Amino acid sequence: MTSPLSRSRSRRAPSHIAVRVAHVALGGLVAVGWLVLPLAGAGADGPAAVARSTGVTAPPAAAPQQGTSTGDLVPPLVAVGAAGALAAYGYARRRRRATTRTTPGGGPEPTPLHELDRQGRQLLVDIDDCVRVGAEELGLAADRSAGDAVEPYVYALRHAEAELATAFLLRQRLDEAEASGRGPAEDDSREVLEEIVARCQDAGRRLDAAAPGFDQLRALERNAAAALEAAETRFRDVTARTPAAEVTLADLHKRYAPATSLPVVGDVEQAKDRLVFTTFHLNQARQYADRGDGAKAAAHLRAAEGAVGQAADLVDGVDRLAAELASAAAELPAALTAVESVRNAARERARDTAHARPSPASAVLVGQLGRTEALLCGVRQETAAGPYDPLDALRRVVGAAEGLAGAGGGDVPDGPAHALLPARSALLGAAGFIGTHRGAVGSEARTRLAEAARLLGSGAVPLAGVRRADELAREARRLAERDVRAYGNPAGGLGGAGAGGAVLGGVLLSDGDGGPVSYGGPRTRGRRSASFT
């Protein structure tokens, strides 16, 4: 990979410098000679001219004395002048370097690596938020627009998604190299970070350029009444589903192990908080629309749309986890049987190999067979004893299948299929948590999530790839929860019911006036802030 900076360097810069040095030195020599040579001529003709003018015969020339004539000063003066010219050039060049610190290509000093890293991380967060909001608003616009009308904005969003996906992949590879202790050289790290920044900036510019046209498409300022009606309908639907989600969560506590429902604990309360926020801003939007203030009505309506969308995501998360747990419980017996079948066949082969010709490979397999036996027995005991976590149990059975395959025990035929359910559950859970807490989540969790999604979305994924995606998704969730715990007070001084949750969820910007986010890039997503207060 070639850095954009390296491609822009000029190879003729050294020759230009040499020419400038020669020009300065020559100019200095000519100037000094021009000043000194007339003085030398005057000094040589001086005594004869005096004698002719007075009519007095000049005395005989004295014997040569130890001394220096004016002409003898010419070479030293020329040398001094040349040295002075070169010294002046050197001083000017050093001063220019000290003030501008140029690179070999003559550009400004490169951004410090730590600052480039910070800039790249922040851009990943910003563009990821822009893409999420853009997808949300496109869905709302598509419901009330002709299909071809949204195409330019769909295209802009897809372009941003592609650039962001590449930037996340570069960030993941850089993190993996650093974690392995074999991090890239500084120049290589700089090239990667520069590309991350460039791709994020390109994605942001594309979305910023599309924002004005998208505003014309949605026309919230002119058609607030229709959009308000749609938002209120969705609000009533989510509000009606919230009590059912509470019942579902209580049922999860009874049917499964206590840790099973941890991923959605508190989600119903957060959904209610977003709905309170939605109620307030729908009322504000209605009042401003009745007064004919379309700009303020659009700002409050956009805030309400974002909040009710997150409330729906939080309620959906509870229902989705319940369905995943039921599916895992139903799939677990088949997975256990498949792994036990492969284990039994591997045990027979290991026994025959041990009698015929023992080898290090057979010893590794025997050790893995022992670990597999203990793990499978543990899972069967848990399922028979009482409440357990079906997703965790299925995950451990899949881990046993992976261990057998790695030790030469053979592949479980449906191993990847059994592994997909817990991996997808982890991925969707992490994505939902990051989406509804994105105001606090940094780039590291988002990078792991993007890598997990890439692995699971790459067609037929082998068992090791599915397991890796599962691991990355759970790591993304842990990192996101860490960021949220460290975030502090999410309200940021903003007023209004539920404002803290709205800032935490990224519905409201936490800086400036804290206005609602809209379709666009980092420079335009907060364009409705001025109308929000």
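None of these values were measured; they are calculated from a predicted model. We count residues from 1, following the sequence as given.
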Ignoring hydrogens and angles, tell me if any N or O in the side chain of T337 forms a donor-acceptor pair with the backbone of P333 under 3.5 Å. yes

Between the main-chain N or O of G505 and the side-chain N or O of Q310, is there a donor-acceptor pair closer than 3.5 Å? yes

Tell me, with the steps shown, if Q368 and T372 meet side-chain hydrogen bond (donor to acceptor under 3.5 Å, both in side chains). CA-CA 6 Å; Q368 181 59 46; T372 300; 3.2 Å; yes

Given side-chain hydrogen bond (donor to acceptor under 3.5 Å, both in side chains), test H300 with Q287 step by step and report yes or no. CA-CA 10 Å; H300 287 279; Q287 291 174 17; over 6 Å; no

Are E481 and R478 within salt-bridge range, i.e. N to O under 4.0 Å? no

Separation between CZ (R343) and CG (L375), nearest 0.5 Å, reads 11.0 Å

Exam field: side chain R438 to backbone G435, donor-acceptor pair closer than 3.5 Å: yes

Side-chain donor or acceptor of R190 paired with backbone N/O of T111 under 3.5 Å: yes

Is a donor on one side and an acceptor on the other found under 3.5 Å between the side chain of Y519 and the backbone of Y153? yes

For D411 and V342: C-alpha separation, side-chain torsions, deciding distance, then whether side-chain contact (heavy atoms from CB on, under 4.5 Å) applies. CA-CA 7 Å; D411 295 331; V342 173; over 6 Å; no

Whether R302 and E136 form a salt bridge (side-chain N of Lys/Arg under 4.0 Å from carboxylate O of Asp/Glu) is what I want to check. yes

Would the distance check show the side chain of D251 and the main-chain N or O of V247 forming a donor-acceptor pair, the cut-off being under 3.5 Å? no

Is it true that a side-chain atom of R467 and a backbone atom of A419 form a donor plus acceptor pair closer than 3.5 Å? no

Would you say the side-chain atoms of D208 pair up with the backbone N or O of G521, donor to acceptor, closer than 3.5 Å? yes

Would you give the length of the straight line joining atom OG1 of T436 to atom CZ of R132, rounded to the nearest 0.5 angstrom? 9.0 Å

C200 vs F168, test: side-chain contact (heavy atoms from CB on, under 4.5 Å). Steps then yes/no. CA-CA 10 Å; C200 288; F168 271 132; over 6 Å; no

Could you tell me whether a side-chain N or O of H159 sits under 3.5 Å from a main-chain N or O of Y155, the two making a donor and an acceptor? no

Measure from the ring center of H281 to the ring center of F532 and say whether it is less than 6.0 Å. yes

Any donor-acceptor N/O pair, R395 side chain to L421 backbone, under 3.5 Å: no

State whether the number of non-hydrogen atoms from other residues, nucleotides or ligands found under 6.0 Å of E151 atom CD is greater than 12. yes

